[in-house]
**Q** 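Quick one: the structure is below, questions incoming.
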Amino acid sequence: MKEYTGMDAVGLSELVKKKQLSPIELVESAIDRSRKVNPHINAVIAEMFDEARSLAEQVDLSYPFAGVPFLMKDLEFFAGAPYTGGSRLLQDFLCPTDSVLSSRIRRSGLITIGKTNTCELGIQPITEPELYGPTRNPWNLSYTAGGSSGGAAAAVASGIVPMAHASDGGGSIRIPASCCGIFGMKISRGRNPRNPDTLGLGVSHCVSRSVRDSAALLDATHGPGLGDPYIAPSPSRSFINEVATPPGKLKIGFLSTTFDGKPIHPDCRDAVVDAAKLCEDLGHHLEEVSLAINVEKFTDAFTVLWYQMVTLGITSLPALVGKVASEEHFERLTWEIGQAGARYTGVETLTAMSYMQQLAGTMARFFIDYDLLLTPTLSKPPVKIGELVYKGDLEEYSRLANGWVPYTPLANATGIPAMNVPLYWNEENLPIGVQFFAPYGDEATLFRLAGQLEEARPWAGKLPTFTKTP
């Protein structure tokens, strides 16, 4: 079906409801596309093609995404499907049940055709697990697709599905969205169901080619599950209606350096300047700003929380397969981070959490004067495959990783929403994303601006050519 890769999920579902296309046609198109491009990019690591074909024969046309193919990241429980988290520990584990979010995704009418690659336990900004191998950037196969939702982003960018499930604990939606040239919304803490969520860093939503797909899926999934620790403010109306609503004249602060004023790669600086100019042309007011963020303190506090999340995973996940955690079950980086996280005291954890709460106040005060904050998504273009592979020095690895992703963790630490928008490609034809932050609970303004930017400079029609640098 030639038009499959040129349409978004909302458009495909409308054709299904009008009976101009059948769900089985869409599923077969997604399977054909996956078989054609996945050998190049290694995005889909578990195929569920037969199950998808069966589901396509019994679609309820009243569902918002009736019959549209979808992919789940291999870090979310989805009943009957493999769940490995990119780890050897879980390579033979099948999910016995859905997460609350997965059950809502099913009820939206989406048909899951497989699961996507992720780094082990989702802890890196790249997707190169030892278990499955690297996911490659469809714009240039020598480069990373980003992480940890790299499989999802590469699959969407290459047209296997119009959108895919993704999650974000430090940038794992926005980083691969930037690398692969697609849209990625990190939603507010508590917007979608997530329990347990001990530290409040992570959210689950999607990556997509169109803005309205992201909004329409959020309409179908948002709201807390029973007992969820965080609850975001209820939206005043549907998110998809926001996409078509003019944002008005926004006051946007922007950064073209790191938070502490250090220079970044010229491509990423140019992408922000270009986005700021586009926003000005659309009638918004832009001001270059600085933020009162102590980068060293932030990095130290985030490291405490991030490492302990890994420790929690290492100690709890073996129970799923009746094993006791040991070094042989995990990659070296994962194991060493877990060991480091176990050495932090309760006081150090509470101190880090207290700092993040103070930082949330800093951002809330910033948004008294500004509607949005614009930054690069990354400090330099996508790195090459193998460039961020762990080589045994945890301090050096952290320096390199944090240096590449200095911006995205801010939204996770403070709970605020942020989106990657694909407006810029460099001379090497690699996507260079920009990121907009909004006040807590205000996805509406982000969707309005994203809809306006998408209309002004459409990106959904761009498809990669799967080239490779020698």
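Here the structure is a predicted model, which is why all the values come from computation and not from measurement. Throughout, residue positions are numbered sequentially from 1 according to the sequence presented.
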**Q** Does any N or O in the side chain of N137 come within less than 3.5 Å of the main-chain N or O of A145, such that one atom is a donor and the other an acceptor?
**A**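 Judged by distance alone, no pair lies under 3.5 Å.
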**Q** Return yes when atom CD of Q20 has more than 12 non-hydrogen atoms of other residues, nucleotides or ligands closer than 6.0 Å, and no otherwise.
**A**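 Enclosed: over 12 neighbouring heavy atoms sit under 6.0 Å from CD of Q20.
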**Q** Does C268 reach the side chain of P381, with side-chain heavy atoms less than 4.5 Å apart?
**A**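 When only atoms from C-beta onward are counted, P381 and C268 do touch, with a gap below 4.5 Å.
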**Q** Is the F65-F70 ring centre distance short of 6.0 angstrom?
**A**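 When the ring centroids of F65 and F70 are compared, they turn out to be at least 6.0 Å apart.
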**Q** Above 12 or not: heavy atoms from other molecules or residues under 6.0 Å from NZ of K323?
**A**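 Yes, NZ of K323 has more than 12 neighbouring heavy atoms, counting only those of other groups under 6.0 Å.
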**Q** Does L446 reach the side chain of F239, with side-chain heavy atoms less than 4.5 Å apart?
**A**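 L446 vs F239: side chains apart.
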**Q** Whether R106 engages the ring of F78 as a cation-pi pair (distance to the six-membered ring centre under 6.0 angstrom, angle to the ring normal within 45°) should be assessed.
**A**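 Positive - R106 is close enough to the ring of F78 and near enough to its axis.
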**Q** With side chains defined as the heavy atoms from C-beta onward, is the minimum distance between F447 and S214 less than 4.5 Å?
**A**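 In short, these two side chains touch, coming nearer than 4.5 Å.
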**Q** Got a salt bridge between R448 and E455, using NZ or NE/NH1/NH2 to carboxylate O under 4.0 Å?
**A**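 No, this pair does not count.
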**Q** Just to verify, which of M185, K186, H205, H222 counts as forming a side chain to side chain contact (heavy atoms under 4.5 Å, CB included) with R191?
**A**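 The single option meeting the side chain to side chain contact (heavy atoms under 4.5 Å, CB included) with R191 is H222.
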**Q** Show the numbers, then the answer: is there a side-chain contact (heavy atoms from CB on, under 4.5 Å) between D267 and W425?
**A** CA-CA 9 Å; D267 289 348; W425 272 251; over 6 Å; no
**Q** What is the distance from atom CG of L374 to atom SG of C279, rounded to the nearest 0.5 Å?
**A**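 The SG atom of C279 is 6.5 Å from CG of L374, to the nearest 0.5 Å.
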**Q** Looking at every non-hydrogen atom in both residues, tell me the closest pair between I314 and A325 and how far apart they are.
**A**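 Result for this residue pair: O-CB, 3.3 Å.
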**Q** Take R88 and H329 through the side-chain contact (heavy atoms from CB on, under 4.5 Å) test and state the conclusion after the steps.
**A** CA-CA 6 Å; R88 292 187 297 270; H329 295 137; 5.9 Å; no
**Q** Going by atom types alone, do N429 and N140 pair a side-chain donor with an acceptor below 3.5 Å?
**A**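 Not at all, the side chains of N429 and N140 share no donor-acceptor pair under 3.5 Å.
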**Q** When rounded to the nearest 0.5 angstrom, what is the spacing between CG in L373 and OG1 in T375?
**A**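 Separation between the atoms: 6.0 Å.
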**Q** Please report the C-alpha distance between L90 and Y83 in whole Å, then the side-chain angles of each, then the deciding distance to 0.1 Å, and finally whether the side-chain contact (heavy atoms from CB on, under 4.5 Å) criterion is met.
**A** CA-CA 7 Å; L90 302 172; Y83 175 94; 3.7 Å; yes
**Q** Atom CD1 in I126, atom OG1 in T118: separation rounded to 0.5 Å?
**A**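 It is 10.5 Å, given to the nearest 0.5 Å.
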**Q** Looking at I264, is its backbone amide N or carbonyl O close enough to the side chain of S379 to form a donor-acceptor pair, meaning the two atoms are under 3.5 Å apart?
**A**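 No.
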**Q** Which atom pair, heavy atoms only, marks the closest approach of F330 to T334?
**A**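 Closest heavy-atom pair between F330 and T334: CD2-CG2, 4.1 Å.
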**Q** Do the rings of Y397 and Y390 sit parallel, tilted or perpendicular, given the 30° and 60° boundaries?
**A**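 Rings of Y397 and Y390: perpendicular, over 60°.
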**Q** Mind checking whether F77 and F93 have parallel, tilted or perpendicular rings, split at 30° and 60°?
**A**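 Tilted: the ring planes of F77 and F93 meet at 30° to 60°.
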**Q** Using a strict cut-off of less than 4.0 Å between a Lys/Arg side-chain nitrogen and an Asp/Glu carboxylate oxygen, indicate whether D274 and R269 qualify as a salt bridge.
**A**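 So D274 does not pair with R269 through a salt bridge.
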**Q** Would you check if L388 and P125 make a side-chain contact, meaning some heavy-atom pair closer than 4.5 Å?
**A**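 L388 reaches P125 side chain to side chain.
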**Q** Between the side chain of R209 and the main-chain N/O of V156, is any donor-acceptor distance below 3.5 Å?
**A**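 Side chain of R209 to backbone of V156, a donor-acceptor pair under 3.5 Å: yes, one is there.
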**Q** Closer than 3.5 angstrom, by distance alone: can the side chain of T84 be matched with the main-chain N or O of Q91 as a donor-acceptor pair?
**A**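 The answer is no, because no donor-acceptor pair under 3.5 Å joins these two groups.
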**Q** Is the shortest side-chain N to carboxylate O distance from D32 to K36 below 4.0 Å?
**A**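 Salt bridge: no.
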**Q** N420 vs Q435, test: side-chain contact (heavy atoms from CB on, under 4.5 Å). Steps then yes/no.
**A** CA-CA 5 Å; N420 175 79; Q435 181 176 210; 5.6 Å; no
**Q** Give me the one residue out of L110, V10, L71 that meets side chain to side chain contact (heavy atoms under 4.5 Å, CB included) with M163.
**A**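 Exactly one option meets the side chain to side chain contact (heavy atoms under 4.5 Å, CB included) with M163, and it is L110.
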**Q** When you measure from the side chain of E28 to the backbone N and O of E25, does any donor-acceptor pair fall under 3.5 Å?
**A**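 No, the answer is negative, given that no donor and acceptor are paired below the 3.5 Å cut-off.
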**Q** Quick one, W139 and P431 - any side-chain contact, counting heavy atoms below 4.5 Å?
**A**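 Yes; the side chains approach each other to less than 4.5 Å.
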**Q** Testing the 3.5 Å rule here: is there a donor-acceptor pair between the side chains of S103 and D98?
**A**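 Checked: S103/D98 side chains show no N/O donor-acceptor pair below 3.5 Å.
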**Q** How long is the straight-line distance from CD1 of I337 back to OG1 of T311, given to the nearest 0.5 Å?
**A**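 So the OG1 of T311 and the CD1 of I337 are separated by 9.0 Å.
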**Q** Between the side chain of S34 and the main-chain N/O of N38, is any donor-acceptor distance below 3.5 Å?
**A**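 Between the backbone of N38 and the side chain of S34 there is no qualifying donor-acceptor contact (under 3.5 Å).
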**Q** Can you tell me how far the CG atom of N412 sits from the CG atom of L199, to the nearest 0.5 Å?
**A**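 N412 atom CG to L199 atom CG measures 11.5 Å (nearest 0.5 Å).
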**Q** If you compare all heavy atoms of I113 against all heavy atoms of I160, which two are closest, and at what distance to 0.1 Å?
**A**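 Heavy atoms only, the tightest pair is CD1-CG2, 4.2 Å.
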**Q** Any sub-3.5 Å donor-acceptor pair from S178's side-chain atoms to R174's backbone N or O?
**A**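 Here the side-chain-to-backbone pair does not exist.
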**Q** Is a side-chain N or O of E331 found less than 3.5 angstrom from the main chain of E120, in a donor-acceptor match?
**A**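 No, because the side chain of E331 does not come within donor-acceptor range (under 3.5 Å) of the backbone of E120.
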**Q** Side-chain contact test, heavy atoms from C-beta onward, threshold under 4.5 Å: evaluate it for K19 versus L61 and give yes or no.
**A**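 Side chain of K19 against side chain of L61, heavy atoms only: contact under 4.5 Å found.
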**Q** Ion pair present between R332 and E336, side-chain N to carboxylate O less than 4.0 angstrom?
**A**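 Answer for the salt bridge query: yes.
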**Q** I'd like to know if the side chain of S149 reaches the main chain of S167, judged simply by a donor and an acceptor atom lying under 3.5 Å from each other, with no hydrogens or angles considered.
**A**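 Indeed, once roles are kept as given, a pair shorter than 3.5 Å links the two residues.
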**Q** So which atom in N117 and which in P129 form the shortest heavy-atom distance, rounded to 0.1 Å?
**A**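 Distance-wise, the nearest heavy atoms are OD1-CG, 3.2 Å.
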**Q** Looking only at atom types and distance, does a side-chain atom of D213 sit under 3.5 Å from a main-chain N or O of A9, one as donor and one as acceptor?
**A**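 It does hold such a pair.
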**Q** Calculate, to the nearest 0.5 Å, the distance between atoms CD and OG belonging to E130 and S87 respectively.
**A**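 The distance works out to 9.5 Å.
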**Q** Contact between S148 and K73 at the side-chain level, heavy atoms closer than 4.5 Å - yes or no?
**A**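 Side-chain contact under 4.5 Å: yes.
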**Q** Provide the closest heavy-atom pair for F466 versus I41 in the form atom of the first, atom of the second, distance.
**A**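 Scanning both residues completely, I find the closest heavy atoms to be CE2-CG2, 3.8 Å.
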**Q** So, using side-chain contact (heavy atoms from CB on, under 4.5 Å) as the criterion, who are the partners of M7 when residues are at least two apart?
**A**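 Here the qualifying residues are E3, L12, L15.
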**Q** Before accepting this row, confirm whether a basic side-chain N of the pair K115/E76 lies closer than 4.0 Å to the acidic partner's carboxylate O.
**A**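 No, K115 and E76 are not salt-bridged.
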**Q** Would you mind checking if E14 and K17 are paired as a salt bridge, meaning a charged N to carboxylate O distance below 4.0 Å?
**A**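 E14 and K17: not salt-bridged.
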**Q** Please give me the minimum heavy-atom distance between F298 and A413, naming the atom from each residue.
**A**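 Heavy atoms of F298 and A413 come nearest at CE1-CB, 3.6 Å.
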**Q** What I'd like to find out is whether the side chain of S204 reaches to under 4.5 Å of the side chain of R194, using heavy atoms alone.
**A**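 With C-beta onward as the side chain, the pair touches.
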**Q** I would like to know whether R399 and E396 meet salt bridge (Lys or Arg N to Asp or Glu O under 4.0 Å); could you show each step before the answer?
**A** CA-CA 5 Å; R399 185 188 69 80; E396 175 64 8; 2.7 Å; yes
